[in-house]
Amino acid sequence: MRAAGVEVVVLDADDALAREAHEINVGFFSRLQRGRPWLRAKVAASADGRVSLPDGQSKWITGETARADGHVWRLRASAVLTGIGTVLADNPRLDVRAVPAPAQPMRVVLDRHLRLPSEAALLRPPGAVLVVAAQGDASAEARLRAVGAEVWDNGADDLPGLLERLAARGVNEIHLEAGPRLTGAFEAAGLIDEWLVYLAPMLLGPGRPMADLEILPGLELATRYRWHEAIPLGDDLRLRMRRRLS
């Protein structure tokens, strides 16, 4: 840029403007420096950490203000990622509706056996849809491509490889909105960079957790995060925590 006559100022990493710039472009830096997108896991939970009742009831744990804020974070992302279990159970659209959206993020569905129904709500335009399978099925792939979806064969449960492929596709930030099983799989693989948690002031008791994780033999083995933000939204609380790098 200097050769082209553009003035270039390099700031120290601790400079306030540098930190602000990095925050705005955290996904871009993640893709260039680590070869994978920044992955943000979004959950809406009760104060005792439940995302639904045992039978799956979850509408609505949080209020309208928190739900609208969730759409702001969807809009920021390059892709919204979920699993086929969530699609079959809830038939979500996973698009941006609560705030103006000049463009929709790509919707990515992990669907190892290509069970996604052709009439699924998330297949409706606008916005691109990518279905990721664990093994090829020519007829199922043709059925989904006929309704506008792109299909990838990603092998069996290769989550790091999937993120690398999405980075090569230009995806900077992934907004993970999935059930406890898939969210737990990303957490167990060490791939969640940030948690976006909307916490409601209610207690559900027995129910589904934010993530299905294995029992730890000791607290010293727990994954450590650091609090990044805590903001009230209506009656709810938005919490963000990020993985400790050291």
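- For the residue pair Tyr225 / Arg243, a side-chain donor-acceptor distance below 3.5 Å is found, with atom types taken as modelled.
- A distance of 13.0 Å separates CZ of Arg181 from CG of Leu110, quoted to the nearest 0.5 Å.
- Here the CG-CH2 distance, from Asn25 to Trp38, works out to 12.5 Å after rounding to the nearest 0.5 Å.
- The nearest pair of heavy atoms linking Thr183 to Ala178 is OG1-O, 3.5 Å.
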Please assess Arg2 against Glu7 for the test salt bridge (charged side-chain N to carboxylate O under 4.0 Å, His left out), listing each intermediate value before the final yes or no. CA-CA 6 Å; Arg2 290 190 176 107; Glu7 181 181 1; over 6 Å; no

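- Considering only heavy atoms from C-beta on, Leu221 stays 4.5 Å or farther from Leu219 through its side chain.
- For the pair Arg50 (side chain) and Gly207 (backbone), a donor-acceptor distance under 3.5 Å is present.
- Using a distance-only test at 3.5 Å, with no hydrogens or angles considered, no donor-acceptor pair links the side chain of Ser46 to the main chain of Ala200.
- No donor-acceptor pair under 3.5 Å is formed between the side chain of Ser30 and the backbone N or O of Val26.
- The two atoms that bring Ala149 and Leu123 nearest to each other are CB-CD2, 3.9 Å, heavy atoms only.
- Of the candidates Arg240, Arg36, Arg40, Arg242, Asp193 forms a salt bridge (Lys or Arg N to Asp or Glu O under 4.0 Å) with just one, namely Arg36.
- Distance alone, capped at 3.5 Å, places no donor-acceptor pair between the His71 side chain and the Val96 backbone.
- Between the side chain of Asp55 and the backbone N or O of Gln57 there is at least one donor-acceptor pair closer than 3.5 Å.
- With contacts defined as side-chain heavy-atom distances shorter than 4.5 Å, the pair Val51/Pro180 qualifies.
- Enclosure of atom CD in Glu23 by more than 12 non-hydrogen atoms of other residues, nucleotides or ligands within 6.0 angstrom is indicated.
- The backbone N or O of Ile84 lies less than 3.5 Å from no partner atom in the side chain of Asp111, so there is not a single donor-acceptor pair.
- Follow the hydrophobic side-chain contacts under 4.5 Å out from Val109 and you reach Val147 in the same cluster.
- Cluster annotation: Val129 and Leu182 are assigned to distinct hydrophobic clusters (Ile/Leu/Val/Met/Phe/Trp/Tyr, side-chain heavy-atom contacts under 4.5 Å, transitive).
- Closest of all the heavy-atom pairs between Asn172 and Ser78 is N-OG, 3.1 Å.
- A cation-pi contact, defined as under 6.0 Å to the ring centre and within 45° of the axis, links Arg67 to Trp60.
- Hydrophobic clustering (ILVMFWY, side-chain heavy atoms < 4.5 Å, transitive): Met210 and Phe186 are in one cluster.
- Side chains of Ile24 and Phe29 form no contact here, defined as non-hydrogen atoms less than 4.5 Å apart.
- The side-chain heavy atoms of Leu144 and Leu114, taken from C-beta on, include a pair separated by under 4.5 Å.
- Checking side-chain atoms of Arg76 against main-chain N and O of Glu173 turns up no donor-acceptor pair under 3.5 Å.
- Between the side chain of Arg208 and the backbone N or O of Ser52, no donor-acceptor pair lies under 3.5 Å.
- Smallest separation of non-hydrogen atoms from Met106 and Leu130: SD-CB, 4.1 Å.
- Side-chain N or O atoms of Asp48 include none that pairs as donor or acceptor with a backbone N or O of Leu203 at under 3.5 Å.
- A chain of hydrophobic side-chain contacts below 4.5 Å, direct or via other Ile, Leu, Val, Met, Phe, Trp or Tyr residues, connects Leu166 to Leu159.
- Rounding to the nearest 0.5 angstrom, the gap separating the OG1 atom in Thr65 from the CG atom in Asp69 is 9.0 Å.
- Separation of atoms CG (Leu32) and CZ (Arg34) is listed at 11.5 Å; rounding is to 0.5 Å.
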Is there a side chain to side chain contact (heavy atoms under 4.5 Å, CB included) between Ile231 and Leu237? Walk through the geometry before answering. CA-CA 6 Å; Ile231 294 180; Leu237 185 64; 5.8 Å; no

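- The two residues Pro92 and Ala121 come nearest to each other via the heavy atoms O-CB, 3.9 Å.
- Within the 4.5 Å cutoff, the side chain of Trp73 has heavy atoms near those of the Leu196 side chain.
- Between Val80 and Pro105, some side-chain heavy-atom pair lies under the 4.5 Å cut-off.
- Under a cut-off of 6.0 angstrom, the local environment of CD in Glu229 is crowded, with over 12 non-hydrogen atoms contributed by other residues, nucleotides or ligands.
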Please lay out, stage by stage, how Trp195 and Lys42 fare under the test side chain to side chain contact (heavy atoms under 4.5 Å, CB included). CA-CA 6 Å; Trp195 286 82; Lys42 177 263 180 180; over 6 Å; no

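- A donor-acceptor pair under 3.5 Å links the side-chain atoms of Arg107 to the main chain of Gly127, judged by distance alone.
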Steps toward side chain to side chain contact (heavy atoms under 4.5 Å, CB included) verdict (Val132, Val108): CA-CA 7 Å; Val132 181; Val108 181; 3.9 Å; yes

Can you list the steps and then say if Arg115 with Leu88 is a side chain to side chain contact (heavy atoms under 4.5 Å, CB included)? CA-CA 9 Å; Arg115 295 184 292 155; Leu88 295 178; 3.5 Å; yes

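- No hydrogens or angles considered: a donor-acceptor pair under 3.5 Å links the side chains of Trp152 and Glu150.
- Considering only heavy atoms from C-beta on, Val87 comes within 4.5 Å of Thr82 through its side chain.
- From Thr223, atom OG1 reaches atom CD1 of Ile192 across 9.5 Å, with rounding to the nearest 0.5 Å.
- Arg74 has its side chain within reach of Leu94: a pair of non-hydrogen atoms, C-beta onward, lies under 4.5 Å apart.
- Within a 6.0 Å radius of CG in Asp137, more than 12 heavy atoms belonging to other residues, nucleotides or ligands are found.
- Linking Ile, Leu, Val, Met, Phe, Trp and Tyr whenever their side-chain heavy atoms come within less than 4.5 Å puts Ile174 and Val197 in one cluster.
- Within the model, atoms CG of Asp95 and CZ of Arg124 stand 9.5 Å from one another, a figure rounded to the nearest 0.5 Å.
- Within a 6.0 Å sphere centred on CZ of Arg97, heavy atoms belonging to other residues, nucleotides or ligands number more than 12.
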